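To start, the structure itself, in structure tokens.
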Number of protein chains: 2
Amino acid sequence: MERSGDGQAGSGSGNAVGFRPLYRQVYDTLLKRLADAVWQPGQILPSEGQLAAELGVSQGTVRKALDALTADSLLVRRQGRGTFVADHDDKQSVFRFFKLRPDGDGTGMPTSRVLAIAEATASADERGRLDLVRTARVVRIERVRSIDGRLCVSETISVPASLFPGIAGLELPNTLYSLYAIRYGITIATANERLKAVALAEREAGLLAVAQGTPALEIDRVAVDLEERPVEWRLSTCLTQDVHYRSVLR
Amino acid sequence: MERSGDGQAGSGSGNAVGFRPLYRQVYDTLLKRLADAVWQPGQILPSEGQLAAELGVSQGTVRKALDALTADSLLVRRQGRGTFVADHDDKQSVFRFFKLRPDGDGTGMPTSRVLAIAEATASADERGRLDLVRTARVVRIERVRSIDGRLCVSETISVPASLFPGIAGLELPNTLYSLYAIRYGITIATANERLKAVALAEREAGLLAVAQGTPALEIDRVAVDLEERPVEWRLSTCLTQDVHYRSVLR
DNA sequence: AAGTGGTCTAGACCACGCA
DNA sequence: GCGTGGTCTAGACCACTTT
């Protein structure tokens, strides 16, 4: 791996351009491979020593890059076994992007029922959230979700049709993000949510079988992939009678 | 610094008890000093080399502990200058525990007006949240807050009277957590929030000058200090007409 | 120029999981 | 017993800030 900002009888003392550490370059190299789905979710990576030899850096430098990717929830490291591509299907990972928890006991495991799925030209809102041009097409998914069997979420999900060809014809799993990862090689890295309290409109009230005007939590989420592209917009309306949104501030 | 789990002609190969890395012990040692307010917010710590010599470990081990404390937002490191105790007074830190942001432009800087402050015997809710015995006393603070001059939050804050002697007689600053840190040596490490959508009760509606029944965001927060003691319970009711709660999922 | 944190390396040893 | 990640060390050099 080439150094970027040193040696070479340069122009005096400091670099005018930004200094880019070696481990950062290793990070980017590995991130690229993850984005390109070179390694599949759940699969094991080469050992630290092998990667170090391949990339021509020390094991410590590879370690630092791997640790950073682990901190970003893209890898999972298990002492004595190896380093794996994070599998966002397993139980603990389901809740990474799902913050609604039951007030009392219960697993809080969500289930879903799709009401409609169709392709359309992007609305102004969709173009704004997903950074699309005027003629762009999106696939819109409408569904309701239950937590521990209790109906409490109604949501509309919009994704660019160009990124998810054929998704409208698929049987959708309960956890969409694993579908994005496995079938389309798109890994959700972060999601930005804006929460508001609203009074339920007639339509959502009907879907959730409660009175119109009932207070509900509105969650406006834009999910972003490894390359920082916005790839999904999700507008959820949640009843919070028996459920709450959990947030941990550090 | 003593090793905890090695050497000493032990009982074979592995330790039955948990293995505790050296850097973790260094972390705990430094954390203790921070909790005891040995170093004040904003103050500089000894250099890595000095700490390493004092504790009898290598510089790399000290570094790992300092990096962990930095990741926990307890320290700030500045290349070429030194390592400092995080000062949660500066502008960027105000928003660490304040997630309400204006929908449009504006700084979103909050202001406060205290309505009442008084000591009382802890209610059942307060005892549960703050882990108190039946006879414990608390100080209750009621206040309203504005964002960019717009009235939108009403909240009740409860703290154990034993931890904050004399707080009822003080002029309260806008950012309570810096008061906790500077005057009482209590640093808030994390806060757990539960959000719900509710219809405004008559009292809160009056305080916020809107109609009873208006949907509002209810935030139930328990703040925890460095020793993981719950030290503050805060129940906030927020209008979200021009403001939203921001959450970033990683 | 001196001092600080940041990067990078090389090597030793430890804890863990598995065959 | 072997291979993996995890810890710890020692030392060199780099980048940044201040004197």
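Here the structure is a predicted model, which means the values were calculated and not measured. These values consider heavy atoms only, across backbone and side chains, with no hydrogens, waters or symmetry-generated copies. A, B, ... follow the sequence lines: proteins, then strands. Residue 1 opens every chain.
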### Query
Which of the following nucleotides, D/dG5, C/dT9, C/dG5, is nearest to the side chain of A/Val57?
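So the nucleotide nearest the side chain must be C/dT9.
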#### Entry: Nearest-nucleotide comparison on DNA chain C, the residue closer to the 5′ end among B/Ser47 and A/Arg24
B/Ser47
For atom [atom1] of [X] and atom [atom2] of [N], their distance in whole Å:
X       : N      : atom1 : atom2 : result
B/Tyr23 : D/dT9  : OH    : P     : 13 Å
A/Gln59 : D/dT7  : CD    : C1'   : 12 Å
A/Phe19 : D/dT17 : CZ    : P     : 14 Å
B/Leu55 : D/dC8  : CG    : C1'   : 15 Å

### Message
Side-chain N or O of B/Thr61 versus OP1/OP2 of D/dT9: is the shortest distance under 4.0 Å?
### Response
yes
### Message
So, OP1 or OP2 of C/dT7: does either fall under 4.0 Å of a side-chain N or O from A/Lys64?
### Response
yes
Holding to side-chain contact (heavy atoms from CB on, under 4.5 Å), I want the full list of residues that pass it with [X], two or more places apart in sequence or in another chain.
X        : value
B/Tyr245 : A/Leu195, A/Ser247, A/Leu249, B/Lys99, B/Leu100, B/Glu193, B/Leu195, B/Leu217, B/Ile219, B/Ser247
A/Asp242 : A/Arg150
A/Ser58  : A/Thr61
B/Pro46  : B/Trp39, B/Gln50, B/Leu51

### Task
Could you tell me which residues satisfy ring pair (Phe, Tyr, Trp, His ring centres under 6.0 Å) with A/Phe97, sequence neighbours excluded, listed by chain and number?
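Partners of A/Phe97 under the ring pair (Phe, Tyr, Trp, His ring centres under 6.0 Å) test: A/Tyr177.
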### By ring pair (Phe, Tyr, Trp, His ring centres under 6.0 Å) - contacts of B/Phe98 (at least two apart)
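Scan of B/Phe98 (ring pair (Phe, Tyr, Trp, His ring centres under 6.0 Å), adjacent residues dropped) gives none.
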### Query
Going by number, which of residues 66-73 of chain A have a non-hydrogen atom under 4.0 Å from DNA chain C?
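Listed by number, there are none.
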### Message
What residues from residues 75-85 of chain B pass a heavy-atom cutoff of under 4.0 Å to DNA chain C?
### Response
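Those residues whose heavy atoms fall under 4.0 Å from DNA chain C, taken from residues 75-85 of chain B in numerical order, are B/Arg77, B/Arg78, B/Gln79, B/Gly80, B/Arg81, B/Gly82, B/Thr83.
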### Message
Closer than 4.0 angstrom, basic N to acidic O: yes or no for A/Lys32 and A/Asp28?
### Response
no
### Task
Establish whether the base of C/dG5 is bridged to the side chain of B/Arg63 by a donor-acceptor pair shorter than 3.5 Å.
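Such a pair does not exist between side chain and base.
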### Task
For residues A/Val248 and A/Arg250, determine if any side-chain heavy atom of one lies less than 4.5 Å from a side-chain heavy atom of the other.
yes
### Task
Scan residues 66-75 of chain B for pairs that pass salt bridge (Lys or Arg N to Asp or Glu O under 4.0 Å), counting only residues two or more places apart or in two chains.
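Those involving residues 66-75 of chain B are B/Asp67-B/Arg77.
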